[in-house]
Amino acid sequence: MRYDLVIFDNDGVLVDSEPISNRLLAAYLTELGHPTSYDDSIREYMGSAMHRVHDLVAERTGRRLPADFDDVFHARVFAAFERELKAVAGAMDVLGKLAADEVPYCVASSGSHERIRVGHRTTGLDRWFDDGRIFSSQDVGRGKPAPDLFLYAARRMGVAPERCVVVEDSPLGVQAAVAAGMDVYGFTAMTPAERLNGATRLFDDMRELTTLLAGN
């Protein structure tokens, strides 16, 4: 194993949530008078914390989103998760292999703690993540592309940044990992490879990850 800690992004890497959440985000913004397509949402918001949505809308329109925007959006997302959400193909196998080999791992997500836990509980991934392995942008002052979340996760797990590898599928996440001084493996199942500039390695099948991490 080439690293002392594997840090997973959550949405799109462990749970196949990006199509669901971006469909609903685009629809809700459009409903509120901010026309947004699914592709717009993927391009502008994928991998980011909710404050980015508020900031970009205010910057572009001069209008603030409703005070209950996050609560309404998350209620819609969680309801859809209960109906539709699945784990990313191969994620269970990767986590099982890391656990069996006693390789430290954790998740560091732009999503809230509640969103992470709902997704894990719905898909059965919760068996692999106790509270000490879950880190959210809620825990730090700045979300991705700032390095704060990944540095916080590494510090809490007791591993130096240069001994960590991040598994990410968003441009903002890759930027954050690079800024943190960590290697980053870009998952291209949903994101075009050219949008993950700066990634140490690129791969498109989660089942390949354990082999890549071993340096093969």
Side-chain angles (χ1 to χ4, degrees), residues 1-23 42 46-47 77 80-111 115-130 132-136 144 149-150 153-154 157 159 162-178 180 182-216:
M1 179 67 186
R2 300 165 64 187
Y3 303 98
D4 295 334
L5 176 64
V6 182
I7 303 176
F8 290 94
D9 176 43
N10 190 56
D11 294 293
V13 170
L14 294 176
V15 295
D16 194 16
S17 54
E18 294 291 9
I20 299 170
S21 58
N22 282 282
R23 183 186 77 227
I42 291 288
M46 180 173 160
V77 167
F81 279 3
E82 296 289 346
R83 298 190 303 269
E84 306 173 43
L85 189 64
K86 299 183 183 304
V88 167
M92 293 278 195
D93 297 331
V94 169
L95 293 168
K97 176 64 173 171
L98 293 176
D101 291 346
E102 299 184 343
V103 176
Y105 64 88
C106 65
V107 61
S109 172
S110 293
R115 177 179 171 129
I116 297 167
R117 285 170 170 79
V118 168
H120 287 186
R121 185 175 65 250
T122 302
T123 58
L125 285 169
D126 55 342
R127 65 178 291 197
W128 304 110
F129 291 96
D130 56 36
R133 296 181 190 266
I134 297 176
F135 306 103
S136 161
K144 306 169 190 178
L149 176 57
F150 291 140
M157 296 292 291
V159 178
E162 63 270 19
R163 295 299 305 158
C164 299
V165 62
V166 176
V167 184
E168 263 288 355
D169 72 329
S170 76
L172 295 175
V174 169
Q175 292 172 41
V178 171
M182 301 176 180
D183 281 357
V184 54
Y185 284 19
F187 184 44
T188 62
M190 186 170 168
T191 307
E194 60 270 17
R195 295 198 65 215
L196 300 181
N197 289 331
T200 310
R201 297 285 296 270
L202 297 171
F203 70 108
D204 63 4
D205 187 333
M206 190 56 64
R207 288 161 289 209
E208 300 173 2
L209 184 58
T210 50
T211 300
L212 295 175
L213 291 173
N216 300 322

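All heavy atoms count here, side chains included; hydrogens, waters and symmetry mates do not.
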Tell me, please, which residues at least two apart from Asp205 pass side chain to side chain contact (heavy atoms under 4.5 Å, CB included).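 Listed in chain order: Arg207, Glu208.
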Apply side chain to side chain contact (heavy atoms under 4.5 Å, CB included) to the pair Phe8 and Glu168, showing each step before the final yes or no. CA-CA 7 Å; Phe8 290 94; Glu168 263 288 355; over 6 Å; no
Residue pairs involving [range] (criterion salt bridge (charged side-chain N to carboxylate O under 4.0 Å, His left out); sequence neighbours excluded):
range	result
residues 184-196	none
residues 117-127	Arg117-Asp131
residues 83-92	Arg23-Glu84

Between [atom1] of [X] and [atom2] of [Y], what distance do you get to the nearest 0.5 Å?
X	Y	atom1	atom2	value
Ile134	Asn10	CD1	CG	8.5 Å
Leu14	Met206	CG	CE	6.5 Å
Met182	Phe150	CE	CZ	7.5 Å
Asp169	Leu196	CG	CG	7.5 Å
Asp11	Ser109	CG	OG	5.0 Å
Phe187	Leu209	CZ	CG	9.0 Å

Got [X] and [Y] here, is their nearest side-chain heavy-atom distance under 4.5 Å?
X	Y	result
Val178	Val184	yes
Trp128	His120	no
Val88	Val13	no
Val107	Phe129	yes
Cys106	Phe135	yes
Glu82	Thr122	yes

Side-chain (Arg201) to main-chain (Gly186) donor-acceptor, under 3.5 angstrom: no
I'd like to know if the side chain of Ser170 reaches the main chain of Gly173, judged simply by a donor and an acceptor atom lying under 3.5 Å from each other, with no hydrogens or angles considered.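 Side chain of Ser170 to backbone of Gly173: a pair is present.
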Report the C-alpha distance between Val167 and Val6 in whole Å, list the side-chain angles of each, state the deciding distance to 0.1 Å, and finish with yes or no for side chain to side chain contact (heavy atoms under 4.5 Å, CB included). CA-CA 7 Å; Val167 184; Val6 182; 4.0 Å; yes
Show every donor-acceptor pair shorter than 3.5 Å between a side-chain atom in residues 93-103 and any protein atom, with sequence neighbours excluded, or say none if there are none.
| unit_1 | atom_1 | unit_2 | atom_2 | d |
| --- | --- | --- | --- | --- |
| Lys97 | NZ | Asp101 | OD2 | 3.3 |

Determine the minimum heavy-atom distance between [X] and [Y], stating which atoms define it.
X	Y	answer
Gly111	Ile116	O-CD1, 3.9 Å
Val15	Gly119	CG1-O, 4.0 Å
Pro171	Thr191	CD-CG2, 4.4 Å
Ile20	Ala80	CG2-CB, 3.6 Å

Any chance the side chains of Ser136 and Arg115 put a donor and an acceptor closer than 3.5 Å? no
With a 4.0 Å cut-off on N to O distance, would you call Asp183 and Arg2 a salt bridge? no
Would you please test Met190 and Glu18 for side chain to side chain contact (heavy atoms under 4.5 Å, CB included) and show each step? CA-CA 9 Å; Met190 186 170 168; Glu18 294 291 9; 3.7 Å; yes
Applying side chain to side chain contact (heavy atoms under 4.5 Å, CB included), run through Ile7 and Tyr105 and close with a yes or a no. CA-CA 6 Å; Ile7 303 176; Tyr105 64 88; over 6 Å; no
ring-ring contact (aromatic ring centres under 6.0 Å, His included) partners of Phe81, counting only residues at least two apart: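 Checked Phe81 against ring-ring contact (aromatic ring centres under 6.0 Å, His included); zero matches.
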